[in-house]
Amino acid sequence: MSGGFHHLWKVSPAQAISIQKQIGSRIIERPLRRPIRLVAGVDAAIAPAKDKIVAAVVLLQLQDPWLGEKAPVPGQGFTVLEQQHAWADLDFPYIPGLLSFREAPVVLRALQKLPRRPDLVILDAQGKAHPRRAGLASHVGVLSGLPCVGCAKSRLTGQHRQPGLARGSSTDLLDKDGQVIGRVLRTRRAVKCLYVSVGHLVDLDQASRIVLALACRYRLPEPTRLAHLLAAKLRLKPPA
DNA sequence: GCGACAG
DNA sequence: ATCTTGTCGC
């Protein structure tokens, strides 16, 4: 499980930005090569003492493999196959734009504990919709070599029109030069939109449709929603 | 200089 | 991210 690129984590903000530029240039945006059957959702939470972080990952098996061509199937059935997690000491501070240096290390360790390789990983963060095209989803994707999708609850960068109120409505998220860096997607009627972007090894169209298909019951796609619930429970019982 | 700013 | 109950609107 390696994307072939490595770097130090104990770095200064300036060094982190330099590394992100390399991550951003290594993103591969393309259609998935295999049908999606195993989807992993990842999320992190901080312990009450604020000194440790836990990354939770939930692996779901879709009843019907997603081929990427068809339209989203409302009510997509699934089964929870695995639940894993990893703890880490919190060293890097939260700095807008540098989130991956705070969460990627522990997220990668949690993903490595999965007994099976997921066909796709969905993260609660931006992917390409980042100042240097290196959001957490892209960083994790490039370092792990796994197809990743960024699915953030709010905007980090970029401009966009407001999508319609209907479920499935969406608009392009554009950078200052007018380039499409993501999709603003309404997953449920009249709820706050999600910011979907390519992490690595997928294209924006598939990423958006997959997120919409998996968010048939709640605003967040099931994988990420379940990972969030698991992380919220784990944070209360940090290791010594 | 001022405002914006994933989790 | 985290602190937190009930409540208004689709």
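Letters A, B, ... mirror the listed sequences (proteins, then strands); counts begin at 1.
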Rounded to the nearest Å, what distance is computed from the [atom1] atom of residue [X] to the [atom2] atom of nucleotide [N]?
X	N	atom1	atom2	value
Lys52(A)	dA1(C)	NZ	C1'	17 Å
Asp91(A)	dA1(C)	CG	P	19 Å
Ile53(A)	dT2(C)	CD1	C1'	13 Å
Lys50(A)	dA1(C)	NZ	P	12 Å
Glu103(A)	dA1(C)	CD	P	9 Å

Does the side chain of [X] reach to within under 4.5 Å of the side chain of [Y], using non-hydrogen atoms?
X	Y	value
Gln61(A)	Arg116(A)	yes
Val121(A)	Leu111(A)	yes
Glu29(A)	Val202(A)	no
Arg235(A)	Pro48(A)	yes
Phe101(A)	Gln20(A)	yes

Taking atom CD of Gln159(A) as the centre, report whether more than 12 heavy atoms of other residues, nucleotides or ligands fall under 6.0 Å from it.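 It does not: Gln159(A) CD has 12 such atoms or fewer within range.
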
Are there over 12 heavy-atom neighbours, none belonging to Lys237(A), within less than 6.0 Å of that residue's NZ?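 At most 12 heavy atoms, drawn from other residues, nucleotides or ligands, come within 6.0 Å of this atom.
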
Using a cut-off of 4.0 Å on non-hydrogen atoms, how would the nucleic acid contact of [X] be classed: base, sugar-phosphate, or nothing?
X	value
Leu98(A)	base
Ala125(A)	base
Leu136(A)	base
Gly97(A)	base
Leu99(A)	base

Test: Arg26(A) cationic atom under 6.0 Å from Phe5(A) six-membered ring centre, within 45° of axis: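 Yes, cation above the ring, under 6.0 Å and within 45°.
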
Hey, what are the protein-to-nucleotides 5-8 of chain C N/O distances that come in under 3.5 Å?
none

Chain A contact limits on DNA chain B, taken 5' to 3' with a cut-off of 4.0 angstrom to heavy atoms: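 Span of nucleotides near chain A: dA4(B) to dG7(B).
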
Listed pairs under 3.5 Å, donor-acceptor, residues 37-45 of chain A side chains, sequence neighbours left out:
residue  : atom : partner   : partner atom : Å
Asp43(A) : OD2  : His228(A) : ND1          : 2.7

Expected output check: what is the dot-bracket annotation of DNA chain C, where ( ) and [ ] are pairs inside the strand (brackets for crossing ones), | is paired with another strand, and pairs are Watson-Crick or G-U under 3.5 Å? ..........

Mapping Lys153(A) and Arg189(A) to their closest nucleotides on DNA chain C, which lands nearer the 5' end?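 Checking each residue's closest nucleotide, the 5'-ward one belongs to Lys153(A).
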
Please compare His228(A) and Ala190(A) by the position of their nearest nucleotide in DNA chain C and report the one closer to 5'.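 Comparing both residues, the 5'-ward one is His228(A).
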
Under 6.0 Å between ring centres: does that hold for Phe92(A) and Trp9(A)?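 No, the ring centres sit 6.0 Å or more apart.
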
Mind jotting down which residue pairs meet the side-chain hydrogen bond (donor to acceptor under 3.5 Å, both in side chains) criterion with at least one end in residues 81-99 of chain A? Sequence neighbours excluded, please.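 For residues 81-99 of chain A, and leaving out neighbouring residues, the side-chain hydrogen bond (donor to acceptor under 3.5 Å, both in side chains) pairs sorted by first residue read Lys10(A)-Asp91(A).
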
Reported OG1-to-CD1 distance for the pair Thr224(A) and Ile122(A), which is rounded to 0.5 angstrom: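 Result: 5.5 Å between the selected atoms.
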
How is the base pairing of DNA chain B summarised as a dot-bracket string, given the Watson-Crick and G-U wobble criteria with both distances under 3.5 Å, [ ] for crossing and | for another strand? .......

Arg235(A) side chain N/O closer than 4.0 Å to the phosphate oxygens (OP1, OP2) of dC3(C)?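 Yes, within the criterion.
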
Parallel, tilted or perpendicular: rings of His139(A) and His7(A) (30°, 60°):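 Rings of His7(A) and His139(A): tilted, as their planes differ by 30° to 60°.
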
Would Arg186(A) and Ser169(A) count as having a side-chain donor-acceptor pair, cut-off 3.5 Å?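 Side chains of Arg186(A) and Ser169(A): no pair found under 3.5 Å.
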
